[in-house]
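Comments concern the structure below.
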Amino acid sequence: MPDSDTIRSVEQFLYREARLLDERRFHDWLQLFTDDVHYWMTARSNRYPRSSKAIAILDADRYAEADLDDADELGLFDEDIRTLTARVARLDTGMAWAEDPPSRTRHLITNIEIAPDASDSELTVHCNFIVYRSRGETEQDFYVGARQDRLRRVDGAWKIAKRRMVLDQNVLTAKNLSIFF
Amino acid sequence: MTTEIAGLVDTQNGMISRRIFIEPEIYQAELRRIFARCWLFLCHDSQIPRPGDFLTTYMGEDPVLAVRDSAGTVGAFLNVCRHRGNRLCRADDGNAASFICAYHGWTFGNDGRLTGVPNLREAYHGDLDRESLGLIPVAQLESYKGLWFATFDPEAPPLLEYLGEMAWYIDTFVDRREGGVEVIATHKWIMPCNWKFPAENFGGDAYHVQWNHLSAVKIGFSRGVTANTHSTQRMASPGNGHGLICVGPDDVGDPPMPEIEAYEREIAAEVRQRLGPRANLINPIVGTVFPNFSLLRGTSRTFRVWQPRGPEKTEVRSFVFMDAAAPPEVKRAIRQAGIRGFSPSGSFEQDDMDNWQECTQTCRGVVSRRMPLNNRMGLGHERFDPALGAWVSDYRFSESNHRQFYRRWAELMAATDWSAVECATARNAEYA
């Protein structure tokens with residue numbers, strides 16, 4: 001069980017990150033990642049569980065009931081530090097029309113839970129998020145999901161070495177993912 | 001009504017009434033005259049490879065179940081229970097011998113037959129003809145190079161006639177190597193726009209790329225081809241409403257990732273030989289099969305359906321595809337290029353939504369709606385090229401394909417049946 005100082009430092013780190021995103025301080029946000037980061041998001045499928053009586057399964061070996069594909073088949077983001085940096089650079093071109101004028105976002109981070117195998121230098125933290133986006137005049141989107149981050153301590157500060165996110169939608173109702181999570 | 005609708009498109013002069021993007025009655029007529037009659041894309045073979053594999057999709061707004069039966073034959077049916085009209089299968093995909101309706105328990109085999117009705121004897125007194133109450137099949141179902149298409153209209157011309165020369169152009173996306181392609185990722189999302197805006201865009205709007213997508217080009221998500229630096233770029237339409245943007249045979253349109261570029265260099269000669277002499281003349285990078293199936297090879301590899309969801313809404317079902325024979329590291333790179341380029345988060349794709357949305361929503365204003373849309377770019381400067389089997393623009397930008405798209409649209413909206421719809425092959429032959 002991680003000590004309360006560690007828990008507090010992780011919480012503060014995640015809250016600060018959320019604030020950087022909402023303030024559109026994307027270059028500062030990029031500094032929170034390690035150079036070897038893998039940033040990944042997926043959506044969920046809509047499938048009958050094996051126990052369902054809505055179908056009689058023909059080929060049990062082929063039947064998949066998980067609503068998350070194992071081979072990251074449904075990826076919505078699959079980024080490294082180079083492509084994350086390029087995405088931020090795109091916003092600086094003055095021609096990133098999906099964000100011009102910019103979306104207004106609010107990142108809400110909850111259910112922060114640090115995995116028990118935490119060490120002083122590296123740990124895994126789970127959290128849930130609601131990201132509210134207001135766009136144009138009256139457009140609204142809610143992006144709701146879960147996040148699993150691998151944090152690494154670099155020069156005394158936490159950095160994100162791996163981020164795995166799941167959006168709890170099958171067909172996305174938002175027209176795009178032009179913001180960061 | 002439908003004659004009046006057809007009159008809203010003046011292809012001779014390249015002018016279109018914006019009523020066709022917003023008015024509910026016109027949208028309903030489209031569902032009847034376009035979507036209930038045309039060949040529509042269902043799925044790729046690699047999505048349902050084994051007996052029992054199924055997936056659910058839509059043709060127009062009609063829910064459809066595509067399933068490979070226990071004997072291995074692919075069928076496509078209205079995903080609607082014959083008893084109370086409940087949607088039968090509610091999962092995206094899976095593998096099934098039979099489907100059981102959640103309302104009263106009617107059971108249908110994976111070949112569509114009605115196999116089970118609770119209390120059949122006691123409640124129906126033997127007065128229910130199960131044979132005639134199987135799932136309603138599509139009128140015609142055909143596969144072209146692993147792409148399954150279906151139509152609800154028994155009078156529709158055969159798929160190959162409907163595609164015409166577009167068939168060869170489809171080959172340049174899905175039949176470049178032995179074994180064809182396979183789907184390696186899926187994206188589904190809703191866009192607040194009329195379905196025709198993305199369909200016409202992928203079918204021939206090269207003009208928007210240099211401005212709409214310049215940010216993505218600038219920061220390196222694509223090589224020059226999508227910035228329209230190639231003077232060889234042309235709009236090409238084989239007719240029947242289909243259209244493509246093509247570049248020269250040696251112009252590179254691939255995602256700028258080293259694994260992909262090395263792979264493409266390695267297979268270039270093999271691909272050209274397989275596709276035949278026309279591949280020495282032209283290189284298609286994006287296109288639309290009328291009405292709502294688009295294929296893309298520049299910057300990402302995806303084919304997708306623009307599913308109509310009312311005049312102001314479109315559901316995108318997009319599939320990243322790759323040559324089945326490509327090595328795993330190339331497939332991985334293609335999947336990443338798809339996510340990063342053309343997906344809800346795609347650096348190209350995300351900049352299209354607001355434009356299509358605003359083009360649709362400004363039609364709500366009755367005065368704005370009166371403003372005719374101008375599709376006159378390059379009018380009178382396209383010509384039929386027999387070697388390409390297509391109508392080709394004389395410059396790298398033109399709205400010649402838009403005119404072909406809306407000409408077909410108007411033709412179908414006016415025609416009471418397929419006999420009144422012109423066949424491009426016959427028309428093109430007059431010019432060849």
Side-chain angles (χ1 to χ4, degrees), chain A residues 40-41 43 45-50 52-65 67 69 71-80 82-83 85-100 135-136 139 167 169-181, chain B residues 49-54 56 69-70 88-102 105 107 110 184-193 211-216 218-221 315-317 335-336 338-340 343-347 349-358:
Chain A
W40 184 75
M41 177 187 269
S45 301
N46 179 42
R47 290 184 174 135
Y48 292 122
R50 280 177 188 271
S52 173
K53 299 288 184 281
I55 52 170
I57 295 173
L58 177 69
D59 184 346
D61 292 338
R62 272 195 61 73
Y63 197 79
E65 65 174 356
D67 64 7
D69 282 288
D72 52 15
E73 204 252 347
L74 287 166
L76 291 163
F77 280 101
D78 189 343
E79 311 297 316
D80 54 30
R82 188 182 58 84
T83 60
T85 305
R87 285 177 180 273
V88 171
R90 199 179 81 80
L91 297 174
D92 293 336
T93 61
M95 308 185 77
W97 309 119
E99 284 297 313
D100 189 16
R135 177 147 189 79
E139 286 176 57
L167 271 190
Q169 284 194 321
N170 177 22
V171 180
L172 296 190
T173 53
K175 63 184 165 188
N176 60 24
L177 298 168
S178 59
I179 60 174
F180 296 112
F181 298 85
Chain B
R50 307 288 306 158
D53 287 352
F54 71 85
T56 54
D69 71 18
S70 301
L88 176 64
C89 177
R90 294 165 183 179
D92 298 344
D93 54 38
N95 181 286
S98 55
F99 302 87
I100 301 104
C101 180
T107 301
N110 58 17
I184 53 177
T186 306
H187 297 111
K188 294 184 281 188
W189 75 103
I190 306 265
M191 303 192 307
C193 69
W211 184 250
N212 188 80
H213 295 303
L214 187 54
S215 68
K218 273 188 170 182
I219 47 98
F221 276 104
E315 182 178 320
V316 195
R317 287 173 177 241
R335 187 176 56 77
Q336 287 177 328
I339 292 168
R340 294 167 185 172
S343 79
S345 79
S347 296
E349 185 122 52
Q350 58 177 272
D351 283 337
D352 284 317
M353 310 329 176
D354 282 10
N355 289 331
W356 297 339
Q357 174 182 359
E358 301 287 2

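Naming convention: chains lettered A, B, ... in sequence-line order (proteins, then strands); numbering from 1 in each chain.
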Do you know the tightest heavy-atom contact between [X] and [Y]?
{"X": "B:W211", "Y": "A:W97", "answer": "O-NE1, 3.3 Å"}
{"X": "B:D354", "Y": "A:A98", "answer": "OD2-O, 4.1 Å"}
{"X": "A:E79", "Y": "B:I339", "answer": "OE2-CG2, 4.4 Å"}
{"X": "B:A96", "Y": "A:L58", "answer": "C-CB, 3.7 Å"}
{"X": "B:S215", "Y": "A:A96", "answer": "OG-CA, 3.9 Å"}

Please state whether the side chain, the backbone, both or neither of [X] comes within less than 4.5 Å of a heavy atom of chain A.
{"X": "B:D53", "result": "side chain"}
{"X": "B:S70", "result": "both"}
{"X": "B:C193", "result": "neither"}
{"X": "B:A102", "result": "neither"}

[X] versus chain B, heavy atoms under 4.5 Å apart: side chain, backbone, both or neither?
{"X": "A:R82", "result": "side chain"}
{"X": "A:A174", "result": "backbone"}
{"X": "A:E139", "result": "side chain"}
{"X": "A:D80", "result": "both"}

(message) Check A:R90 with B:D351, please: is the shortest side-chain N to carboxylate O separation under 4.0 Å?
(response) yes
Option that, when pairs with chain A are counted at under 4.5 Å, heavy atom only, ranks first among [options]:
{"options": "B:G346, B:S98, B:P51, B:G52", "value": "B:S98"}
{"options": "B:M191, B:K218, B:Q357", "value": "B:Q357"}
{"options": "B:G94, B:C101, B:S347", "value": "B:S347"}

Distance check, rounded to the nearest 0.5 Å: [X] atom [atom1] versus [Y] atom [atom2]?
{"X": "A:M41", "Y": "B:S343", "atom1": "CE", "atom2": "OG", "result": "11.0 Å"}
{"X": "B:D93", "Y": "A:Y48", "atom1": "CG", "atom2": "OH", "result": "11.5 Å"}
{"X": "B:R340", "Y": "A:T83", "atom1": "CZ", "atom2": "OG1", "result": "4.0 Å"}
{"X": "A:R62", "Y": "B:N95", "atom1": "CZ", "atom2": "CG", "result": "6.5 Å"}
{"X": "B:S345", "Y": "A:R87", "atom1": "OG", "atom2": "CZ", "result": "4.0 Å"}
{"X": "B:E315", "Y": "A:T173", "atom1": "CD", "atom2": "OG1", "result": "11.0 Å"}

(request) Pick whichever of A:S52, A:A60, A:A86, A:G136 has the most heavy-atom pairs under 4.5 Å with chain B. (result) A:A86
(message) I'd like to know which of A:T85, A:N170, A:L91 tops the heavy-atom pair count under 4.5 Å against chain B.
(response) A:N170
(message) For a side-chain contact (heavy atoms from CB on, under 4.5 Å) check, start with the C-alpha distance between A:N176 and B:E349, then their side-chain angles and the critical distance, and finish with the verdict.
(response) CA-CA 8 Å; A:N176 60 24; B:E349 185 122 52; over 6 Å; no
(message) I'd like to check B:H187 versus A:L172 (side-chain heavy atoms, cut-off strictly below 4.5 Å). Are they in contact?
(response) no
(message) Counting only heavy atoms from other residues, nucleotides and ligands, does the tally under 6.0 Å from CZ of A:R50 exceed 12?
(response) yes
